[in-house]
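Since the model is a prediction, treat every value here as computed from it, not as a measurement. Residue numbers start from 1 in every chain, and the chains themselves are labelled A, B, ... in the order their sequence lines are given, proteins ahead of strands.
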There are 2 protein chains.
Amino acid sequence: MHTMVDFETQLRAAGLRVTKQRLTVLDTVDRQPHSDTASILDAVRRTLTSISHQAVYDALSDLTDAGLLRKFQPQGSAALYETRTGDNHHHLACRDCGNVVDVDCTLQEMPCLTPLDDQGYLIDEAEVIYWGSCPSCSTRSQPTPDQDNQQGTSRGERHVPRSNR
Amino acid sequence: MHTMVDFETQLRAAGLRVTKQRLTVLDTVDRQPHSDTASILDAVRRTLTSISHQAVYDALSDLTDAGLLRKFQPQGSAALYETRTGDNHHHLACRDCGNVVDVDCTLQEMPCLTPLDDQGYLIDEAEVIYWGSCPSCSTRSQPTPDQDNQQGTSRGERHVPRSNR
DNA sequence: CATGTTTTCTTGACTTATTCCAGATAACTG
DNA sequence: CAGTTATCTGGAATAAGTCAAGAAAACATG
């Protein structure tokens with residue numbers, strides 16, 4: 001959790017001007033991590049009613065470049081953003097509902113950075129997405145009528161389920 | 001390396017009709033792995049001059065569903081395809097030129113399938129992309145005038161370099 | 001090999017996500 | 001407070017991919 005003051009400090013530290021648009025975008029992404037641009041835009045407009053979509057795109061991209069946001073893009077989804085940066089965590093995505101949750105790195109610190117053979121590449125990041133079914137989707141389809149819980153993982157908010165074709 | 005006969009067999013095994021469009025798409029992807037739809041379309045048209053773009057999209061998606069192709073989509077790039085499937089290998093992508101090469105899995109067989117905490121998800125795939133600089137791009141920018149080799153990894157063919165902003 | 005059924009392909013319009021551009025506006029500097 | 005420069009607005013443009021209807025090609029059958 002961050003505060004607006006935090007964000008202001010972060011912006012200045014990054015050499016970016018402090019605008020209400022950027023503050024609001026940061027706050028929005030912080031409150032609903034793994035959001036795509038469209039839902040961020042919607043949410044931001046609840047505060048800043050007449051912000052342009054371009055300003056949101058610009059903010060997301062500037063903030064991502066500055067390292068205040070992290071951007072990732074699962075197959076078939078639009079780009080998603082989160083404020084949790086620099087800790088090399090990964091993502092777990094549901095093929096059915098598109099819901100995404102964070103998972104810490106399987107190994108320790110910055111680990112997966114080392115493939116068996118780096119072929120001369122200078123590697124600076126390992127991006128990992130685990131694909132599968134989230135608890136609610138898997139109970140729904142599996143004929144195993146066991147756990148009937150509707151886990152809190154899926155806020156069922158936006159994510160358009162991607163038909164796999 | 002595959003042969004056209006292989007592909008015909010694979011198509012039949014998958015219960016798909018054997019068409020020259022599909023055979024050509026398979027052959028094309030096999031010859032130039034990690035290609036995007038646009039360059040596949042171009043290449044296919046060198047053989048099948050008047051194939052529609054839709055037929056290529058359909059073929060790619062049907063073949064991917066059937067498991068004859070694998071699809072992945074690095075940040076900022078269009079979807080890429082390859083014929084190497086089912087071996088859980090990963091990718092190494094250059095941030096500068098966009099070139100992509102294969103890397104075998106860091107751990108052994110289907111390993112990375114297990115994050116520390118699966119949060120109730122049923123995981124079926126771990127998609128890993130290593131990001132960095134390919135040999136040619138890193139020598140060009142680094143002030144380390146050491147290795148002057150222009151490694152064979154980058155065929156410098158299509159991949160539009162993604163401006164990071 | 002002739003025919004029927006079903007899948008696949010062609011054509012062409014459409015949607016969605018994102019970017020480009022030019023002028024207006026708001027942040028920081030002094 | 002004024003000047004400079006970054007940022008934002010508004011609107012058009014582009015790229016990747018999808019939808020839909022009819023034509024054509026595959027496969028099964030007689």
Report the distance from atom [atom1] of [X] to atom [atom2] of [N], rounded to the nearest whole Å.
X     : N      : atom1 : atom2 : value
B:L60 : C:dC9  : CG    : C1'   : 14 Å
B:L63 : C:dT8  : CG    : P     : 10 Å
A:D36 : C:dT16 : CG    : C1'   : 11 Å
B:Q75 : D:dA16 : CD    : P     : 16 Å
A:Q21 : D:dA6  : CD    : P     : 17 Å
A:L26 : D:dT7  : CG    : P     : 13 Å
B:L23 : C:dC9  : CG    : C1'   : 15 Å
A:L41 : D:dC8  : CG    : P     : 13 Å

Checklist line | Any pair counted as salt bridge (charged side-chain N to carboxylate O under 4.0 Å, His left out), so long as it reaches residues 127-138 of chain B, sequence neighbours left out | finding: none
For residues 9-19 of chain B, tabulate all N or O donor-acceptor pairs below 3.5 Å that involve a side-chain atom, not counting sequence neighbours.
from: B:T9; atom 1: OG1; to: B:V5; atom 2: O; distance (Å): 2.9
from: B:R12; atom 1: NE; to: B:E8; atom 2: OE2; distance (Å): 3.4
from: B:R12; atom 1: NH2; to: B:E8; atom 2: OE2; distance (Å): 2.8
from: B:T19; atom 1: OG1; to: B:R22; atom 2: N; distance (Å): 3.1

Can you list everything that forms a side chain to side chain contact (heavy atoms under 4.5 Å, CB included) with [X]? Sequence neighbours excluded, please.
X     : value
B:T47 : B:T24
A:T64 : A:L69, A:K71, A:Y81
A:T85 : A:R70

Counting only side-chain heavy atoms from C-beta out, which of [options] sits nearest to [X]?
X     : options               : result
A:D58 : C:dT18, C:dT10, D:dC8 : D:dC8
B:Q73 : D:dC8, C:dT8, D:dG17  : D:dG17
A:Y57 : D:dC8, C:dT18, C:dT10 : C:dT18
A:S52 : C:dT8, C:dT18, D:dT9  : D:dT9

Distance (rounded to the nearest 0.5 Å) between [X] [atom1] and [Y] [atom2]:
X      : Y      : atom1 : atom2 : result
B:F7   : B:D27  : CZ    : CG    : 6.0 Å
B:C94  : A:Y121 : SG    : OH    : 6.0 Å
B:S133 : B:N99  : OG    : CG    : 11.5 Å
A:L68  : A:L60  : CG    : CG    : 11.5 Å
A:L26  : A:H2   : CG    : NE2   : 8.5 Å

Just the atom pairs and distances: protein N or O near nucleotides 28-30 of chain D's N or O, under 3.5 Å.
none

Next item on the list: For the helix from C:dC1-D:dG30 to C:dG30-D:dC1, measure the angle between the helix axis at one end and the axis at the other, each built from five pairs, rounding to 10°.
Entry: 40°
Check: Would A:V25 and A:Y57 show up in the same hydrophobic cluster when neighbours are defined by side-chain heavy atoms closer than 4.5 Å?
Finding: no
Next item on the list: Give the C-alpha distance, both sets of side-chain angles, the deciding distance and a yes or no for side-chain contact (heavy atoms from CB on, under 4.5 Å) between B:L92 and B:W131.
Entry: CA-CA 6 Å; B:L92 191 40; B:W131 288 99; over 6 Å; no
Every protein N/O lying under 3.5 Å from an N/O of nucleotides 28-30 of chain C:
from: C:dC28; atom 1: OP1; to: A:R12; atom 2: NH1; distance (Å): 3.3
from: C:dC28; atom 1: OP1; to: A:V18; atom 2: N; distance (Å): 2.8

Note to self: With heavy-atom distances below 4.5 Å as the criterion, would you say the side chains of A:S136 and A:C97 are in contact?
What the structure shows: no
Show each protein N/O and nucleotides 12-15 of chain D N/O combination with a separation under 3.5 Å, one pair to a line.
none

Notebook entry, point to check: What nucleic acid atoms does A:A38 come within less than 4.0 Å of, heavy atoms only: base, sugar-phosphate, or nothing?
Noted result: nothing
Next item on the list: Quick one: label A:A59 by what it contacts on the DNA or RNA (base, sugar-phosphate, nothing), any heavy atom closer than 4.0 Å.
Entry: nothing
Check: Taking only residues two or more places apart in sequence, or in another chain, which ones meet B:D102 in a side chain to side chain donor-acceptor pair (under 3.5 Å)?
Finding: B:H34, B:R84, B:H89, B:H91
Notebook entry, point to check: If you pin A:I51 and B:T37 to their nearest nucleotides in DNA chain D, which one's is more 5'?
Noted result: A:I51
